[in-house]
Amino acid sequence: MLILGIETSCDETAIALCQSRQSKISVISQTLASQINLHQKYGGVVPEIAAREHVSAIIPLLKEVWQKCTVKPAELDAIAVTTGPGLESSLLVGVDTAKALAFAWKKPLISVNHVSAHLAANWIVKNENDAVPIFPAVALVVSGGHTELILLNSFSEHQYLGGTRDDAAGEAFDKVAKLLGLPMPGGPELEKLARDGNELAFSFPSPLQNSGGYDFSFSGLKTAVLYLLKKRDSALSKKEKSDLAASFQKAAVSVLVKKTLHAVEEFKPRSLILAGGVAANNYLRSSLSSRLAPFGVPLFMPDKQYCTDNAAMVAAAGAFLLNRHLASTWQEVNVNANWELN
Ligand code: KG4
Ligand code: ZN
């Protein structure tokens with residue numbers, strides 16, 4: 001099956017043409033335009049600017065996707081678009097474009113949840129014999145807007161185990177990065193800074209670490225960093241900043257890993273899935289991988305380019321839904337900015 005995926009839920013405009021074969025997705029052609037530089041001076045994503053940028057980027061990107069391959073729109077089986085959760089005005093650009101294309105090309109349209117799409121990134125393969133997750137699977141979704149532990153009995157049967165009670169993991173990375181004076185996107189910059197740091201230099205709390213349940217809380221950790229910086233009467237040296245970044249990263253990742261392994265012990269899944277922008281973090285990837293090894297459960301992590309927002313993951317989720325006959329017509333699909341999986 002050939003599926004065109006469209007993603008505009010936040011500050012990335014992305015389009016991908018993908019092929020699905022026996023639940024594996026391969027990317028034929030893809031494009032992505034990030035607006036991060038435009039939002040940098042405001043310290044966060046400005047919805048109005050984001051929507052305007054999506055409008056000017058989306059048609060040139062669409063053209064580029066078709067120019068980079070020999071497939072023609074008539075060969076498509078469906079179009080998949082992120083309809084939520086996300087910024088309403090940004091989502092509207094992708095959804096309206098997808099509706100117009102579905103109408104013009106007479107194709108089914110598939111409404112995709114952004115968190116489902118992050119999960120589906122684990123079915124994107126480079127080679128036909130690459131392995132993909134087997135159900136039941138435990139999934140940790142960690143992005144700028146989400147921190148969730150989910151038990152998946154199939155791609156669309158979710159049991160929500162727990163999630164953040166306040167900030168998402170990526171949001172905590174971004175806020176601490178800002179306190180350290182790092183540019184956006186904060187998460188990857190903080191990871192870079194932490195590379196030369198001593199993770200034992202500062203002791204930060206890992207909230208709810210021993211709570212037993214599957215909920216998370218990251219705002220206390222961010223506040224602990226803020227208070228530490230406020231108490232200092234001189235600016236941190238470069239070395240101290242690295243130490244602080246490494247110590248924060250250790251505290252944030254250790255609670256994510258601990259609760260995920262707890263879920264693996266309790267539910268004995270056949271796979272563990274990591275997804276979302278923070279899944280690109282090497283410290284999280286290697287901590288989870290080494291701590292999971294004794295359990296004998298295979299760990300799936302998307303290629304880094306498919307951890308952060310992209311359109312191939314939207315096409316991948318679309319393929320699952322199309323297989324289950326969950327495609328719609330263009331008239332039936334609408335933005336659902338607050339669409340939570342649970
Ligand atoms: O999935 P995503 O692209 O957008 C959302 O759906 O939110 O995730 C973006 C989040 C941001 O908070 C970003 O700082 C974080 O993922 N992120 C990282 C890394 N790469 C992206 N956080 C820590 N380490 C990274 N390497
Ligand atoms: Zn995302």
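Just so it is clear, the model here is predicted, and its values are computed rather than measured. We count ligands from 1, going down the list as the structure has it; atoms in each ligand are counted the same way. Throughout, numbering of the chain's residues begins at 1 and tracks the sequence.
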Quick one: nearest non-hydrogen protein atom to [atom], plus distance?
atom	result
atom 17 (N) of ligand 1	Gly277 O, 3.6 Å
atom 15 (C) of ligand 1	Val278 CG2, 3.9 Å
atom 9 (C) of ligand 1	Gly144 N, 3.8 Å
atom 6 (O) of ligand 1	His114 NE2, 3.0 Å
atom 11 (C) of ligand 1	Asp174 OD2, 3.5 Å

Tell me, please: is Pro188 in heavy-atom contact with ligand 1, that is, under 4.0 Å?
-> yes
Ligand 1 contacted by His118 (non-hydrogen, < 4.0 Å) | yes
Does [X] pair with [Y] as a salt bridge, N-O distance under 4.0 Å?
X	Y	result
Lys239	Asp243	yes
Lys72	Glu75	no
Lys175	Glu171	yes

Are Thr164 and Thr147 close enough that a side-chain donor and a side-chain acceptor fall under 3.5 Å?
-> no
Any side-chain donor paired with an acceptor under 3.5 Å for Thr82 and Glu7?
-> yes
Check His146 against ligand 1 and report side chain, backbone, both or neither, counting heavy atoms closer than 4.0 Å.
-> neither
Short list, please: which atoms of ligand 1 are under 4.0 Å from a heavy atom of [X]?
X	answer
Glu191	24 (N), 25 (C), 26 (N)
Phe173	23 (C)
Thr308	3 (O), 21 (C)
Gly145	7 (O)

Greater than 12 external heavy atoms within 6.0 Å of Glu128's CD | no
Angle class for the Phe202/Phe204 ring planes (parallel below 30°, perpendicular above 60°, tilted otherwise)?
-> parallel
Checking the N or O distance criterion of under 3.5 Å, is ligand 1 in contact with [X]?
X	answer
Gly187	yes
Gly170	yes
Asp309	yes

Out of Asn281, Val142, Thr82, the nearest non-hydrogen contact to atom 24 (N) of ligand 1 is supplied by Asn281
Pro133 and Trp123, any side-chain heavy atoms less than 4.5 Å apart | yes
Quick one: closest heavy-atom pair of Met184 and Gly43, and the distance?
-> SD-C, 3.6 Å
Give the name of the N/O/S atom in Asp309 that lies closest to the Zn ion (ligand 2).
-> OD1
So, do Phe173 and Phe248 have ring centers that fall under 6.0 Å from each other?
-> yes
The single option from Val255, Thr260, Leu261 that satisfies side-chain contact (heavy atoms from CB on, under 4.5 Å) with Val257 is Leu261
How wide is the angle at the Zn ion (ligand 2) between NE2 in His118 and NE2 in His114, to the nearest 10°?
-> 100°
